[in-house]
Amino acid sequence: MTDRPERAAPEAPGPERYAHPAPGSEPYRGRGPGYTDPPPGPEPYADDYRIALLRERLAVDGQAELGVRVERRGGVVLLTGTVPSPTRRDEILDLARDTLTGCAVRTEIAVAGRDAPDHGEDLP
């Protein structure tokens, strides 16, 4: 036998110990005082279908521009990559404008230089 006194089981906290009203009761709304709902905005992925359509058109189009990337960055559609000529860049931009109507589009498409070098390369 031991000389220790018996311990009583700890009391379970009752509902009166909680500072906040129970969810679903009238005073509880899950928001602080003075909270107003934000205005509705565009759904974050509403234009993913059109972005995928543009990618497909670039891959299937006449010259199959696989060097152009199309991605969403925040609320903007970003086009990046390199194309062989300014004419091809303009064609891609026209295609993007037609496919992504209403979307903010940012373009960082570079034209590859095809000019002959004007000097020799010095190697060590």
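Hydrogens, waters and symmetry mates play no part in the numbers below; they use all other heavy atoms, side chains included.
The backbone N or O of Val70 lies less than 3.5 Å from a partner atom in the side chain of Arg55, making a donor-acceptor pair.
Annotation: the span from Leu93 atom CG to Arg88 atom CZ amounts to 10.5 Å, rounded to 0.5 Å. The structure places OG1 of Thr107 at 9.0 Å from CZ of Arg89, a figure rounded to the nearest 0.5 Å. Here the straight-line distance linking atom OG1 of Thr80 with atom CD1 of Ile109 works out to 7.5 Å at 0.5 Å rounding. Expressed to the nearest 0.5 Å, how far CZ of Arg69 lies from CD of Glu108 amounts to 11.0 Å.
Side-chain contact between Thr87 and Glu91 is present, with at least one heavy-atom pair separated by less than 4.5 Å.
The hydrophobic clustering, which links ILVMFWY residues whose side-chain heavy atoms are closer than 4.5 Å, places Ile51 and Val76 apart. Cluster membership for Leu100 and Leu78, using ILVMFWY side-chain heavy atoms within less than 4.5 angstrom, is not shared.
When Leu79, Ile92, Asp98, Val105 are each tested for a side chain to side chain contact (heavy atoms under 4.5 Å, CB included) with Leu54, only one passes: Leu79.
Residues Thr101 and Arg97 share a closest heavy-atom pair of OG1-O, 3.2 Å. When all heavy atoms are compared, the tightest approach of Ala104 to Gly75 is CB-O, 4.1 Å. When every heavy atom of Asp48 is checked against every heavy atom of Arg72, the shortest pair comes out as OD1-NH2, 3.3 Å.
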